[in-house]
Amino acid sequence: MQQVTINFSILFILLFSVTSCNKLEEKASSDKKTKNEVLVLGTIHGGHLTDSVYNIDYLQKLITEINPDYILTEIPPKAFKTAMDGFKRDDSISEPRTMRFPEYIDVIFPLSKKMKFEIIPTAGWTKYMAAERGAKLRAIRQDTSRADDWAEYVKGNKLSDSLYLASDKINNPYFIHTNEYDSIQDIGLQTYNKLFNDELGLGGWENINIAHYWNIEKALEKHRYQGKRILITYGAGHKGWFLKELRKRDDIELLEMKPFLDAIE
């Protein structure tokens with residue numbers, strides 16, 4: 001009888017030890033699964049060179065305040081190596097696609113010399129796609145049988161523009177980072193998408209966003225649960241589309257831009 005009692009005692013100790021070990025392993029596993037923080041920064045490309053507020057200096061302060069570990073950029077992977085090689089060699093960028101974006105040549109590449117973030121190219125853009133899209137849009141505009149479609153496209157753009165102007169917040173970085181801004185942009189962009197996306201192939205609005213986001217998602221998967229801060233920088237028109245997809249993920253914490261804007265005011 002005494003032997004049975006001892007065996008039960010040993011069994012209890014073993015079970016307690018196993019349970020404790022499992023809990024420790026679960027905690028360690030949970031600790032490793034720290035969500036990444038993700039922000040989407042809407043840029044205005046050439047507008048940063050001329051705007052009185054949302055300019056190059058403002059962007060430098062904002063990105064410094066955000067202090068990201070990774071910056072996902074609107075630069076195609078094939079163009080990035082050329083751009084980075086030129087920057088390292090000459091302290092300047094001559095790669096044609098990247099040169100179109102002051103946020104990269106005047107802000108992010110220079111900041112990479114004194115900050116520790118990694119630049120990741122994620123654009124789905126190709127030169128062939130852009131040329132094909134341009135040619136197809138010209139053909140549609142000149143096709144008299146498509147006059148109604150073109151008129152609807154123009155009307156959608158004008159409505160978006162008029163609502164944006166009426167907001168009296170043109171290029172205001174606070175307004176750009178709101179759902180209201182995304183909704184206004186979406187009026188013209190969804191008209192464009194409905195009429196021409198399939199016809200424009202890879203250059204269609206939905207299609208190019210899918211291509212961009214495929215590369216963004218690859219980067220997010222690669223760095224999943226690292227507890228890092230990831231900044232996505234694209235033209236502001238893409239922001240709403242990306243946020244819609246990012247909100248479907250449960251492995252990231254989407255941060256609002258407002259606290260960082262407040263911090264640099």
Side-chain angles (χ1 to χ4, degrees), residues 37-75 83 87 92-93 95-115 117 119-123 125 157-189 192 205 208-209 212-213 216 229-244 246 254-265:
E37 297 176 335
V38 177
L39 297 95
V40 183
L41 175 62
T43 64
I44 55 173
H45 302 325
H48 292 301
L49 296 174
T50 57
D51 194 76
S52 60
V53 176
Y54 200 19
N55 51 34
I56 296 302
D57 289 342
Y58 191 98
L59 268 182
Q60 288 174 340
K61 292 175 185 176
L62 181 57
I63 292 174
T64 301
E65 181 64 32
I66 293 169
N67 193 24
D69 297 290
Y70 303 103
I71 300 184
L72 278 49
T73 61
E74 196 173 348
I75 303 173
F87 181 71
S92 65
I93 295 169
E95 194 284 314
R97 178 65 180 175
T98 311
M99 284 179 67
R100 297 182 57 190
F101 301 120
E103 60 265 35
Y104 301 134
I105 63 173
D106 295 329
V107 181
I108 290 175
F109 275 84
L111 280 177
S112 71
K113 294 170 69 175
K114 57 183 181 180
M115 296 178 72
F117 58 74
I119 303 172
I120 301 176
T122 57
W125 180 93
N157 279 339
K158 285 183 176 179
L159 180 55
S160 278
D161 291 345
S162 65
L163 291 172
Y164 190 28
L165 286 168
S167 74
D168 199 28
K169 298 174 184 176
I170 301 297
N171 293 342
N172 181 317
Y174 279 92
F175 187 60
I176 284 172
H177 294 94
T178 62
N179 292 332
E180 184 182 354
Y181 174 88
D182 296 337
S183 296
I184 288 173
Q185 295 299 321
D186 214 36
I187 293 169
L189 290 170
Y192 169 63
W205 179 247
I208 190 58
N209 277 301
H212 291 327
Y213 192 72
I216 289 170
R229 180 168 290 173
I230 299 173
L231 177 64
I232 300 171
T233 58
Y234 268 74
H238 295 283
K239 180 171 64 70
W241 200 101
F242 292 160
L243 286 172
K244 180 185 67 175
L246 290 166
L254 269 177
L255 300 184
E256 296 291 334
M257 192 61 69
K258 186 178 182 300
F260 299 96
L261 297 173
D262 288 344
I264 65 170
E265 286 295 310

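Numbering of residues begins at 1 and proceeds along the displayed sequence.
The nearest pair of heavy atoms linking Phe175 to Tyr181 is O-CB, 3.1 Å. Taking every heavy atom of both residues into account, His177 and Tyr54 meet most closely at CE1-OH, 3.6 Å. Smallest separation of non-hydrogen atoms from Pro173 and Leu261: O-CD1, 3.7 Å.
With sequence neighbours left out, Glu265 forms a side chain to side chain donor-acceptor pair (under 3.5 Å) with Tyr58. Residues satisfying the side-chain contact (heavy atoms from CB on, under 4.5 Å) criterion with Ile56, sequence neighbours excluded, are His48, Leu49, Gln60, Pro102, Asp106, Val107. With sequence neighbours excluded, the residues forming a side-chain contact (heavy atoms from CB on, under 4.5 Å) with Ile105 are Ile93, Thr98, listed by chain and number. With sequence neighbours excluded, the residues satisfying salt bridge (charged side-chain N to carboxylate O under 4.0 Å, His left out) with Arg229 are Glu37. With sequence neighbours left out, Thr64 forms a side-chain contact (heavy atoms from CB on, under 4.5 Å) with Leu111, Met115. Listed by chain and number, the residues in a salt bridge (charged side-chain N to carboxylate O under 4.0 Å, His left out) with Lys258 are Asp262 (sequence neighbours excluded). Partners of Asp69 by salt bridge (charged side-chain N to carboxylate O under 4.0 Å, His left out), not counting sequence neighbours: none found. Remark: Glu103 engages Thr43, His45 in a side chain to side chain donor-acceptor pair (under 3.5 Å) (not counting sequence neighbours). With sequence neighbours excluded, the residues satisfying side-chain contact (heavy atoms from CB on, under 4.5 Å) with Ile170 are Tyr164, Leu165. In this structure Lys114 satisfies the salt bridge (charged side-chain N to carboxylate O under 4.0 Å, His left out) test with no other residue, sequence neighbours excluded.
The main-chain N or O of Ile120 is found under 3.5 Å from a side-chain atom of Thr73 such that the two form a donor-acceptor pair. Of the possible donor and acceptor atoms, none in the side chain of Ser160 sits under 3.5 Å from a partner among the backbone N and O of Asn157.
Applying the salt bridge (charged side-chain N to carboxylate O under 4.0 Å, His left out) test to pairs two or more places apart or on separate chains, those with a residue in residues 163-188 are Asp182-Lys239. Under the salt bridge (charged side-chain N to carboxylate O under 4.0 Å, His left out) criterion, no residue pair touches residues 51-60, with sequence neighbours excluded.
Between Trp241 and Leu189, the closest side-chain pair of non-hydrogen atoms is not below 4.5 Å.
For the residue pair Tyr104 and Thr233, a side-chain donor N or O sits within less than 3.5 Å of a side-chain acceptor on the partner.
Interatomic distance, Ile108 CD1 to Ile71 CD1, rounded to the nearest 0.5 Å: 4.5 Å. Between Arg97 atom CZ and Trp125 atom CH2 the span is 4.5 Å, to the nearest 0.5 Å.
Ring orientation note: the planes of Phe242 and His238 are close to parallel, at an angle under 30° on the 30°/60° scale.
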| query | Under the side chain to side chain contact (heavy atoms under 4.5 Å, CB included) criterion, do Asp161 and Lys158 qualify, and how do the steps go? | reply | CA-CA 5 Å; Asp161 291 345; Lys158 285 183 176 179; 5.6 Å; no
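More than 12 heavy-atom neighbours from other residues, nucleotides or ligands sit within 6.0 angstrom of NZ on Lys244.
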